[in-house]
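One structure is given below, encoded as structure tokens.
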Amino acid sequence: MQKIQKLLILTGLFIVCATLPTFCDQVIAAPFVLKFIDAETGRPVPLVEVEAFNGLRQVSDNLGHIAITEPDVAFSNLRLVIRGNGYRYPEVDLLGERAINPQVLPGDCMQVKLERTVAAERLYRITGAGRYRDSILAGRSEQHTDNWLEGRVIGLDSAIPVVWNRRLYCFWGDTLYPDRLNLSGSGGMIDTFGSPDPEVPLKVQYFMDKDAYAKPMIETGSPGFVWIEAVIPLKYGRHGEILVARYVKHKTLEEAVETGFAVFQTLRHKFSIIKRIRSGRHHKSAHAMPVVQNEKPHWAIQPWEITAAEMQSFTNPDSYFNYSCLEKADKKGELQVEGRQYRVRRDRHGRPVFAWVQGGVGCHPSQQKTLRQAGLLKSDESWLQLTEIGSGKTSPDFSGSISWNNFRNRWVMISQGHTGEIWYAEADTFTGPWLYARRVVEHDTYNFYNPVHHRWFDRNGGQTIYFEGTYTSFFTRDGYKTPRADYNQVMYRLKLDHPHLRLPQPIYRVETSPGRWRLLSGQKVAAANLWSKIQQIEFCAFTDDPGSIAGLQPVYDHAAAGDREPDLRTSKPDMRAVENVSEPVFYSLRNASAAAELEMSADLVKAESFGLVFPATSRLLTLSPEIAPGISTGFCR
């Protein structure tokens with residue numbers, strides 16, 4: 001009897017042991033899934049991070065999924081803190097953190113709705129490994145999902161896109177593979193056949209070598225970092241239109257040794273160097289924009305740097321037009337640049353005068369910083385220094401792109417703010433005045449830099465725009481990188497009719513006749529071609545119809561025809577007594593509560609008899625109405 005009992009016990013143990021691995025395999029094969037979506041749009045949200053008490057971290061993929069396969073937490077509750085990088089979970093737990101505590105049931109899916117804290121929507125990660133990892137593990141992939149590691153690329157830096165021959169090309173900086181590093185950049189074409197749709201993750205077709213690695217784009221014959229700055233299509237004799245790149249080579253991160261130019265070889269899918277210049281100028285990514293300057297086609301490489309649209313000019317930096325407040329000094333000047341003496345050019349009011357100078361010294365933000373440190377420029381004499389309307393913070397530098405936008409009827413800027421932030425700004429002319437901005441992207445202790453606006457993807461006449469940037473841990477959060485996603489490109493969508501993108505614009509003091517002036521918005525100045533009559537920026541206010549925004553009020557000019565200066569009031573004047581009462585001059589904030597409702601810092605406003613307005617943060621008149629948008633070839637709809 002005892003032998004039979006032992007046999008039964010041993011048989012039972014054998015069955016349990018044989019079954020246990022199968023059960024565990026089932027748990028692992030059917031993960032518990034979290035799906036993060038935008039509460040407003042219902043769209044999946046990638047790059048949402050969750051973290052458990054024990055430091056377990058996972059990040060949502062392009063379809064918003066996180067697949068939890070930990071066998072030791074199956075069928076139990078798991079507290080997870082949510083970090084949304086511009087999104088947030090609406091509830092706070094007892095520890096004061098935005099966290100959930102779901103029961104981990106293998107095979108189940110929990111949908112988590114997140115509130116967006118900024119205007120831009122994160123759409124998807126363009127490059128790198130694991131873009132659909134968790135969706136595939138959960139068996140929830142979709143038709144456009146791909147799991148092939150194209151070009152063996154797991155990470156890359158800073159996109160330089162360009163439309164050429166009706167195709168979208170893109171070139172990047174340092175490129176990472178599973179087993180090696182490429183310091184000479186990579187490139188590829190974006191699949192745009194049929195009807196290109198930026199709402200769906202772009203598919204990159206890398207230019208690859210014989211071993212299926214994304215090949216280096218520019219080889220200089222010696223070690224170093226080779227970074228492409230700008231790529232421009234140019235007409236070149238019988239060759240038609242060719243693609244030409246400007247690059248900078250660094251011996252080390254701190255030491256630049258060469259600026260060069262190279263032509264793209266369509267059959268070899270790489271660049272061939274045609275000109276080298278010994279130079280210590282450091283690399284700075286540029287997103288060139290076609291413009292018309294004095295009725296001739298040009299390319300704006302940077303906001304301070306324009307070249308004629310021809311090979312000879314682009315490959316000769318001395319021929320560039322530079323936006324500068326510096327002029328050459330005959331004797332010892334205030335500043336020495338590359339062995340030449342310069343001084344700050346000022347008008348009769350003592351204000352620095354910026355102008356386009358062929359072969360001059362471009363006054364980019366770093367150059368202006370040098371001038372301020374030397375006491376040659378004052379704090380209110382800065383160009384391209386933005387003030388973020390919600391926080392009052394100022395931008396430390398410029399890194400981004402400027403494009404003309406038909407929907408806003410202004411130039412728009414997408415640029416890097418502080419670490420992990422992207423700011424949006426508008427201006428009346430290409431060179432500004434660039435004064436106030438709005439933060440539209442933010443990241444939780446992570447970095448996001450070198451944004452580029454894909455203007456060829458603009459929709460609804462520019463009402464919706466798309467931009468990408470580099471998501472990376474560089475310069476922040478030491479010791480931690482987001483698994484699989486770090487050092488890759490991420491696409492965002494921004495709808496320009498978002499109420500938070502209503503920004504105060506310059507209101508100009510314009511001389512209308514000797515000894516007489518009025519206040520006009522940039523649109524009114526442009527319509528009457530009065531740019532040369534602008535005396536100063538009086539302040540900044542709102543110039544577009546406020547629609548349903550109750551916190552804004554119209555301000556009218558009650559001045560009669562013979563009055564020397566305007567008479568501003570919030571009441572509509574008698575049409576018989578004044579020059580022009582058909583519409584308001586501008587709109588002011590009613591009170592501080594109105595500023596708070598629009599999420600604008602009350603510390604920035606100043607009170608006037610006609611309401612609250614914003615001071616001009618710079619006294620410069622950086623106007624260039626002679627620069628018009630060029631023809632952008634692409635896929636605009």
Side-chain angles (χ1 to χ4, degrees), residues 347 349-352 378-395 408 410-411 425-429 431-438 501-512 516-526 528 530-531 533-546 549 551-559 563-571 580 583-623:
D347 63 16
H349 303 292
R351 182 172 51 199
K378 299 176 182 177
S379 59
D380 63 349
E381 295 176 341
S382 295
W383 174 58
L384 285 178
Q385 186 174 77
L386 299 170
T387 298
E388 204 282 313
I389 198 72
S391 63
K393 295 190 296 185
T394 58
S395 57
R408 298 298 301 147
R410 291 191 183 97
W411 296 90
E426 299 177 356
D428 294 317
T429 76
T431 51
W434 298 102
L435 299 177
Y436 286 99
R438 170 70 78 177
L501 300 187
R502 190 177 294 273
L503 296 169
Q505 301 296 330
I507 304 299
Y508 302 101
R509 178 187 287 204
V510 181
E511 182 184 38
T512 54
R516 180 172 171 264
W517 58 274
R518 292 291 183 266
L519 294 181
L520 298 176
S521 65
Q523 294 97 321
K524 294 296 184 183
V525 171
L530 295 174
W531 296 108
K533 299 296 184 179
I534 293 176
Q535 297 176 332
Q536 66 183 46
I537 302 172
E538 197 75 3
F539 48 75
C540 295
F542 303 91
T543 59
D544 299 321
D545 190 308
I549 301 177
L552 296 180
Q553 60 185 353
V555 178
Y556 298 90
D557 188 356
H558 285 245
D563 290 348
R564 178 180 175 275
E565 59 188 51
D567 178 11
L568 302 177
R569 307 180 199 176
T570 56
S571 60
N580 182 14
E583 57 186 26
V585 180
F586 57 87
Y587 297 85
S588 67
L589 290 167
R590 294 183 185 276
N591 46 45
S593 297
E597 288 174 8
L598 293 172
E599 297 187 19
M600 297 179 175
S601 173
D603 294 334
L604 294 177
V605 300
K606 68 174 184 177
E608 299 286 356
S609 60
F610 43 82
L612 301 180
V613 294
F614 294 80
T617 54
S618 173
R619 71 192 193 106
L620 298 177
L621 282 178
T622 52
L623 301 166

- For Asp544, the option from Gln505, Arg408, Arg502 that meets side-chain hydrogen bond (donor to acceptor under 3.5 Å, both in side chains): Arg408

- Query: How about Met600 and Leu612: do any of their side-chain heavy atoms sit closer than 4.5 Å?
  - Reply: no

- Give, for atom CG of Leu621 and atom CD of Gln535, the distance between the pair rounded to the nearest 0.5 Å. 10.0 Å

- Query: Quick check: does any side chain N or O of Ser618 sit under 3.5 Å from a backbone N or O of Ser382, one acting as donor and the other as acceptor?
  - Reply: yes

- Query: Is any side-chain heavy atom of Pro566 less than 4.5 Å from a side-chain heavy atom of Trp517?
  - Reply: yes

- Item | Where Cys540 and Pro504 come nearest, the two heavy atoms and their spacing | CB-CB, 3.9 Å

- Would you say the side chain of Asp557 lies within less than 4.5 Å of the side chain of Asp567, judging by non-hydrogen atoms? yes

- Message: Run the salt bridge (Lys or Arg N to Asp or Glu O under 4.0 Å) test on Arg509 and Glu538 for me, step by step, so that the C-alpha distance in whole Å, both residues' side-chain angles and the decisive distance to 0.1 Å come before the verdict.
- Response: CA-CA 6 Å; Arg509 178 187 287 204; Glu538 197 75 3; 3.1 Å; yes

- Message: Nearest 0.5 Å, please: how far is CZ in Arg619 from NZ in Lys378?
- Response: 5.5 Å

- Query: Side chains of Thr622 and Trp434: closer than 4.5 Å at any heavy-atom pair?
  - Reply: no

- Query: How close do Val605 and Leu589 get, heavy atom to heavy atom, and via which atoms?
  - Reply: CG1-CD1, 4.0 Å

- Residue Lys393 excluded, over 12 heavy atoms near NZ under 6.0 Å: yes

- If we only count heavy atoms from C-beta on, is the Arg351 to Gln536 side-chain gap below 4.5 Å? yes

- Message: So which atom in Pro615 and which in Leu604 form the shortest heavy-atom distance, rounded to 0.1 Å?
- Response: CD-O, 2.9 Å

- Query: Going from CG on Leu568 to CZ on Phe586, what distance comes out if it is rounded to the nearest 0.5 angstrom?
  - Reply: 5.0 Å

- Task: With the side chain counted from C-beta on, respond yes when His558 and Asp563 share a heavy-atom pair under 4.5 Å apart, and no when they do not.
- Result: no

- Message: Using modelled atom types and a 3.5 Å cut-off, is there a donor and acceptor pairing between side-chain atoms of Ser588 and backbone atoms of Val613?
- Response: no

- Between Phe614 and Tyr436, how do the two ring planes meet: parallel, tilted or perpendicular, split at 30° and 60°? perpendicular

- Item | Sequence neighbours excluded, every pair satisfying salt bridge (Lys or Arg N to Asp or Glu O under 4.0 Å) that has a member inside residues 596-617 | Lys606-Glu608

- Message: If you compare all heavy atoms of Gly432 against all heavy atoms of Leu623, which two are closest, and at what distance to 0.1 Å?
- Response: O-CD2, 3.9 Å

- Item | Side-chain heavy-atom pair Thr617, Gln385 within 4.5 angstrom cut-off | no

- What heavy-atom pair brings Val585 and Tyr556 nearest, and what distance separates the two atoms? CG2-C, 4.3 Å

- Message: Is the shortest side-chain heavy-atom distance between Arg518 and Lys524 below 4.5 Å?
- Response: no

- So how far is it from Leu519 CG to Ile537 CD1, rounded to the nearest 0.5 Å? 12.0 Å

- Hey, could you give me the CG/CZ distance between Leu552 and Arg590, rounded to the nearest 0.5 Å? 8.0 Å

- Message: Restricting to non-hydrogen atoms, name the atom on Tyr508 and the atom on Pro433 that form the minimum distance, rounded to 0.1 Å.
- Response: OH-CD, 3.2 Å

